[in-house]
Amino acid sequence: MAIERYNPRDAEPRWQKIWQEQRLFETANDDPRPKYYVLEMFPYPSGRIHMGHVRNYAMGDVVARYKRARGHNVLHPMGWDAFGMPAENAAMQNKVHPKEWTYANIDTMRTQLKSMGLSLDWSREFATCDVEYYHHQQQLFLDFLDNGLVYRKQSKVNWDPVDQTVLANEQVIDGRGWRSGAPVEQRELTQWFFRITDFSEDLLESLEDLDQWPEKVRLMQKNWIGRSDGLHISWEIVSETAPAGEAALEVYTTRPDTIFGASFMAIAADHPLALNAAASNPELAEFCRECRRAGTSLAALETADKVGFDTGIRVRHPFDENWKLPVYVANFVLMDYGTGAIFGCPSGDQRDLDFANKYGLPVVAVVMPKGEDPTSFQITEDAYVGDGVMINSRFLDGSTPQQAFDTVAEKLADKTVAGKQQAFRQVNYRLRDWGISRQRYWGCPIPVVHCDACGVVPLRREELPVSLPDDIDFDKPGNPLDRHPTWRDVACPKCGSPAKRETDTMDTFVDSSWYFARFTAPDASEPTDPAAADAWLPVDQYIGGIEHAILHLLYSRFFSRAMKIGGHLDVKEPFKGLFTQGMVVHETYRGKGGWVAPAEVKLEEQDGVRRAVHLDSGEELTIGAIEKMSKSTRNVVDPDDIIASFGADTARFFMLSDSPPDRDVIWTEAGVEGAYRFLQRTWRLIGDAADTLQYVAPVASSAGDAASVSRAAHRTLKAVGEDIERLAFNKAIARIYELVNEISGPLRSVADSEANTELCAALRDAVEILIAVMAPMTPHFAEECNALLGGKSLVAKSDWPEYDPALVIDSTVTLPVQINGKKRAELTIARDADQQTVEYAVLGLPAVQSALSGKAPRKIIVVPQRIVNVVI
RNA sequence: GCGGGUGUGGCGGAACUGGUAGACGCGCCAGACUCAAAAUCUGGUGUCCUUUGGACGUGUCGGUUCGAGUCCGACCACCCGCACCA
């Protein structure tokens, strides 16, 4: 009986409706089964989903469906990272209210995601721009404030002149705003900060325990936190030009061992000492201004020369009364790291060496590689930063740099400068506190009021939420909240006199730093229901893009620590397993008129040469590089189009096949068609099975074809499960292809001839296994196949079948037989054959006998169940 | 500059702790079916040699080993992250 083609357009909505009606994917918090929380990074509602979303959510859905089939109570929620700039840009360009724009986008994208057939618990959905959500975020802010984790300070900020807002250090990339791409300027503003640096050490140390995170991400965070162990040393100021009140120059160094190689001191242009000296020295003042300007004018840093200006100030060397060193203002010293001052040791630091050579300062080698001659070893052009032996360093000579470090630390700890200990060990971090103030409308309002009399007054909990006003206008640049008197002007909660609301809103990274916790109890009257949060967290498997390796993941790790202090949850690490998926990339096409979208391109191949032709005009196009799908190169494929023509399952299946999930996947028309063909082929196979295998009773033992079919099926079942556990979806799919290949022959033979009940039973079992292992990837298709076979219950509700351990091991093995390391023959032998039996059998092989030509082998290596090597 | 990663057929990629390199897919070639095409099915497909058979082959060079894509050393290319962090 011929079967109709599988029609996803008909099948997919039908099964989606059934799943929804049965509320299969809604998760209860009081379910006794073991929990599993799988989460994909929630999307920004930009307008429509793109292929990156399809890949991300397809992966998460495979895990969710698999874990559910394995008997877990799976939490798999979805929401919207809905505050942010694009909504305001849309408002300014198209006169749409950010709220309307955002919620309309959410509606569109929700429909799109639903068409993918994802097993999501939509009952827990929320958007971060819902008042119900940011209300609780405001409460968290107040909690943090109570716990000393929030403070306000005037600071130099990164100002994005295009977006008219402040950026966190993390949001400045190569001196440009991460979103606008505009060169960032420095401004002095009073900002709110989260004390993420309170947790520097914890955030660093705990990385060790995140063994289900990619090594790469852990390393990136480690470098970002940037711990360094050094010594804080006071250098006594001795010159008569010393500014009043300053007795010592405080310096931080990780290389106190090189202290006898010091030849100058360098301080930042903003260093108090520099400012002080500049007050009476116009030339120096001009130099400092120059430094600051260059510092702000972005990546010219790379080429910027090391320049300095002698302040005339002199300091005394800690170990030599008579040794005085000049203090320079230098453009390469940063005020916000360490103490803003360094001592320069030219022989041990390339930057210091360049500086010393430029200004004619002494260069004394103090660390020498082992084996060099100390009388002739010199540093001229290249600094030596490696390990070795101390030289020219008085009492340190002969020791290692590490020993010298300790010796200097101990000796200086006993000395004093101006009544204070001269040196102490100090740990420094590169990590800065997180500035969260943004001069934007479309964000979570910061719940404080500024009162002339009382200062900064936090709102009381019962005064929350501070809702965003709806009646705003975007006619002028800047923050509309600043121009909204009825919202802005309030009475001081403390004294009642006229006051103003804080008009800055929070960085949107705050919104995404705790949403995973809110999902565990989205209707709780507090930010979390601690019992629910502790039951569900940490997220077992988090999946998203590598672009969030630092910002979002570090902030979230901070948040769970801070929320723990506030009693909102009791986990330190929010994400137990992290997976960073690769991008979806596509070929680019270019014609005379610019980039051409794939949908308008026809590809041809002649004599191995590929050509791209414009569908309408027939113009020959240049095939360009394979790049991330983006609007600018127009190499985007719309998921809606793919789902409409091939169905969601095909899109999901193709996304998961071929490329390892952590690498980029190249989207090709041919690849999608291949996936679609495979589904159709499998559909025909299931159709044949439905015709021939319907009334077969199970048979206990089997042999021949039946046995090999059973073994193939159970091996696949075992392997696919293991591959999914390791998120190796591409390998799981290869196994599925193999199984289909292996059962299609025997199935046809059954259909063509007399029924062989053993084989039929084996095939029936194999086909059911096939459906089960495909279900996580192609869930609608699996339901349809199951129904075709007469299955009464839903695959989405079914348990993962258990494989039969006896069937995954063969009783015989085929061993390659090598002679001197080269394969010359094969030997099929009982799996448990002992060494002697194998050797005997190998020596009997014709290939081995002719190679030996009567002689005895020197050695025979038998690796059980693996290989035999005969050494002659 | 520092840190990390990757390198395997025409292409995407398999190969667990060293043990038959190229699973699976795409593409391509041939055949079957068809008036024809599409669809489908079957077979083939690393390179080279005249073959039965053999030689070579996992970026390059060298090493360890009975045996190396896998381990060690040196180098090359590309990609990513950080970047004046003292």
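Lettering of chains follows the sequences in order, A, B, ..., and the numbering in each one begins at 1.
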Original post:
Partner of B:rA86 by Watson-Crick or G-U wobble geometry, both contacts under 3.5 Å, or none?
Top reply: none

**OP:** Grab the CG-P distance between A:N223 and B:rG5 for me, whole Å please.
**Re:** 12 Å

Original post:
How far, in whole Å, is B:rG27 from B:rG59 if one measures between their C1' atoms?
Top reply: 25 Å

**OP:** Examine the base of B:rC24 for any acceptor or donor lying under 3.5 Å from a partner atom in the side chain of A:K731, and report the outcome as yes or no.
**Re:** no

**OP:** Look through every strand shown and name the nucleotide pairing with B:rU34 as Watson-Crick or G-U wobble, where both distances are under 3.5 Å.
**Re:** none

**OP:** For A:T339, answer base if it contacts any base atom (sugar-phosphate contacts may also be present), sugar-phosphate if it contacts only those atoms, and nothing otherwise; contact means non-hydrogen atoms under 4.0 Å.
**Re:** nothing

Original post:
If we take the P atom in both B:rC26 and B:rG13, what is their distance in whole Å?
Top reply: 16 Å

**OP:** With the side chain counted from C-beta on, respond yes when A:Q221 and A:L203 share a heavy-atom pair under 4.5 Å apart, and no when they do not.
**Re:** no

Original post:
Which part of the nucleic acid, if any, lies within contact of A:E826, taking any heavy atom under 4.0 Å across all strands shown: a base, the sugar-phosphate backbone alone, or nothing?
Top reply: base

Original post:
Taking the C1' atom of each, how far is B:rU70 from B:rA14, in whole Å?
Top reply: 14 Å

Original post:
Counting any heavy atom closer than 4.0 Å, what does A:Y737 reach on the DNA or RNA strands: base, sugar-phosphate only, or nothing?
Top reply: sugar-phosphate

**OP:** Would you indicate which nucleotide in B:rG27, B:rC85, B:rC24 comes nearest to any side-chain atom of A:A670?
**Re:** B:rG27

**OP:** Select from A:S659 and A:I867 the residue whose nearest nucleotide in RNA chain B is closer to the 5' end of that strand.
**Re:** A:S659

**OP:** Please give the nucleotide sitting opposite B:rU70 as a Watson-Crick or G-U wobble pair, both distances under 3.5 Å, or none.
**Re:** none

Original post:
Just how far, in rounded Å, is P of B:rC24 from CE of A:M777?
Top reply: 17 Å

Original post:
Which pair of heavy atoms, one from A:G348 and one from A:A383, lies closest together, and at what distance?
Top reply: C-CB, 4.0 Å

Original post:
If you check the A:N730 side chain, which of B:rA14, B:rC84, B:rC41 turns out closest?
Top reply: B:rA14

Original post:
So which nucleotide from B:rA86, B:rC24, B:rG12 ends up closest to the side chain of A:D658?
Top reply: B:rG12

Original post:
Any idea which of B:rC84, B:rA83, B:rG67 is nearest the A:N869 side chain?
Top reply: B:rG67

Original post:
Which part of the nucleic acid does A:V863 contact within heavy-atom distance under 4.0 Å: base, sugar-phosphate only, or nothing?
Top reply: base

**OP:** Grab the OH-P distance between A:Y676 and B:rC26 for me, whole Å please.
**Re:** 16 Å

Original post:
When the distance from CZ of A:R726 to P of B:rA15 is rounded to whole Å, what number comes out?
Top reply: 8 Å

Original post:
Aromatic rings A:F343 and A:W235: how do their planes relate, parallel, tilted or perpendicular, breaks at 30° and 60°?
Top reply: tilted

Original post:
Short question: side chain of A:R55, backbone of A:V584 - any donor-acceptor pair under 3.5 Å?
Top reply: no

Original post:
Closer to the 5' end of RNA chain B via nearest nucleotide, is it A:G674 or A:K859?
Top reply: A:G674

Original post:
Which nucleotide, B:rA14, B:rC82, B:rC41, lies nearest any side-chain atom of A:W224?
Top reply: B:rC82

Original post:
Does B:rU47 pair with anything, Watson-Crick or G-U wobble, both distances under 3.5 Å, and if so, with which nucleotide?
Top reply: B:rA55

Original post:
When we call it a touch if two heavy atoms are under 4.0 Å apart, what does A:L334 touch: a base, just sugar-phosphate, or nothing?
Top reply: base

Subject >> Sugar-phosphate only, base, or nothing, as touched by A:E738 at under 4.0 Å among non-hydrogen atoms >> reply: sugar-phosphate

**OP:** Could you measure between the two C1' atoms, the one in B:rC76 and the one in B:rG62, and give it in whole Å?
**Re:** 15 Å

Subject >> Length of the line joining A:R218:CZ and B:rC80:C1', which is rounded to integer Å >> reply: 18 Å

Original post:
So among A:I733, A:D649, A:T668, which one has a side-chain contact (heavy atoms from CB on, under 4.5 Å) with A:F654?
Top reply: A:T668

**OP:** Rounded off to whole Å, could you give me the CD-to-P distance for the A:Q221 and B:rG4 pair?
**Re:** 17 Å

**OP:** Measure from the side-chain N and O atoms of A:D349 to the backbone N and O of A:D352, and report whether any donor-acceptor pair falls under 3.5 Å.
**Re:** yes

Original post:
Quick one: is A:Y337 getting a side-chain N or O under 4.0 Å of the B:rA86 phosphate, OP1 or OP2?
Top reply: yes

**OP:** Tell me what A:N428 touches on the nucleic acid: a base, only sugar-phosphate, or nothing, going by heavy atoms under 4.0 Å.
**Re:** nothing

Subject >> Glycosidic conformation of B:rG22, taking syn as within 90° of 0 and anti otherwise >> reply: anti

Subject >> Nucleotide opposite B:rC26 in a Watson-Crick or G-U pair, distances under 3.5 Å >> reply: B:rG10

Subject >> Phosphate contact (B:rU40 OP1 or OP2) by A:R681 side-chain N/O below 4.0 Å >> reply: no

**OP:** Determine the interatomic distance between P on B:rG25 and the same-named atom on B:rU42; round to the nearest Å.
**Re:** 11 Å

Original post:
When we call it a touch if two heavy atoms are under 4.0 Å apart, what does A:R735 touch: a base, just sugar-phosphate, or nothing?
Top reply: nothing

**OP:** Ignoring backbone atoms, test whether A:R677 places a side-chain nitrogen or oxygen under 4.0 Å from the OP1 or OP2 oxygen of B:rG27.
**Re:** yes

Original post:
Roughly how many Å is it from CG in A:D662 to P in B:rG4, rounded to a whole number?
Top reply: 19 Å

Original post:
Can you tell me how far P in B:rG81 sits from the matching atom in B:rG9, rounded to whole Å?
Top reply: 27 Å

**OP:** Return no unless some side-chain N or O of A:K822 is found under 4.0 Å from OP1 or OP2 of B:rG57.
**Re:** no

**OP:** Report which part of the nucleic acid A:R824 touches: base, sugar-phosphate, or nothing (heavy-atom distance under 4.0 Å, all strands).
**Re:** sugar-phosphate

Subject >> Nearest-Å distance once atom C1' is located in both B:rG5 and B:rA23 >> reply: 25 Å

Original post:
Looking only at side-chain N and O atoms, does A:N741 come under 4.0 Å of OP1 or OP2 in B:rG25?
Top reply: yes

Subject >> Nucleotide of B:rC24, B:rA86, B:rG19 approaching A:I861 most closely (side-chain heavy atoms) >> reply: B:rG19

Subject >> Selection from B:rA86, B:rC66, B:rC41 that lies nearest to any side-chain heavy atom of A:V871 >> reply: B:rC66

Original post:
Mind checking who B:rG3 pairs with, Watson-Crick or G-U wobble, both distances under 3.5 Å?
Top reply: B:rC80

**OP:** With A:R430 as the cation and A:W224 as the aromatic partner, state whether NZ or CZ is under 6.0 Å from the six-membered ring centre and within 45° of the axis.
**Re:** yes

**OP:** Sticking with atom C1', work out how far B:rG69 lies from B:rG57, rounded to a whole angstrom.
**Re:** 11 Å

Original post:
Base, sugar-phosphate, or nothing for A:D352, non-hydrogen atoms under 4.0 angstrom?
Top reply: nothing

**OP:** Send over the distance from A:E669 CD to B:rG12 C1', rounded to a whole Å.
**Re:** 16 Å

**OP:** Using a 4.0 Å heavy-atom cut-off across all strands, classify A:V333 as base, sugar-phosphate, or nothing.
**Re:** base

Original post:
Okay, side chain of A:T588, backbone of A:I626: is any donor-acceptor separation there less than 3.5 Å?
Top reply: no

Original post:
Of all the choices, B:rC24, B:rC82, B:rA14, which nucleotide is nearest to the side chain of A:A734 once you look at every atom?
Top reply: B:rC24

Original post:
Counting just side-chain N and O atoms, does A:R684 come under 4.0 Å of either OP1 or OP2 of B:rC41?
Top reply: yes

Original post:
Does a salt bridge link A:R748 with A:D688, judged by any charged N lying under 4.0 Å from a carboxylate O?
Top reply: no

Original post:
For the side chain of A:M220, counting heavy atoms from C-beta on, which of B:rG81, B:rC66, B:rA86 is nearest?
Top reply: B:rG81

**OP:** Tell me, yes or no, whether the heavy-atom count around A:K358 atom NZ, taken from other residues, nucleotides or ligands under 6.0 Å, exceeds 12.
**Re:** yes

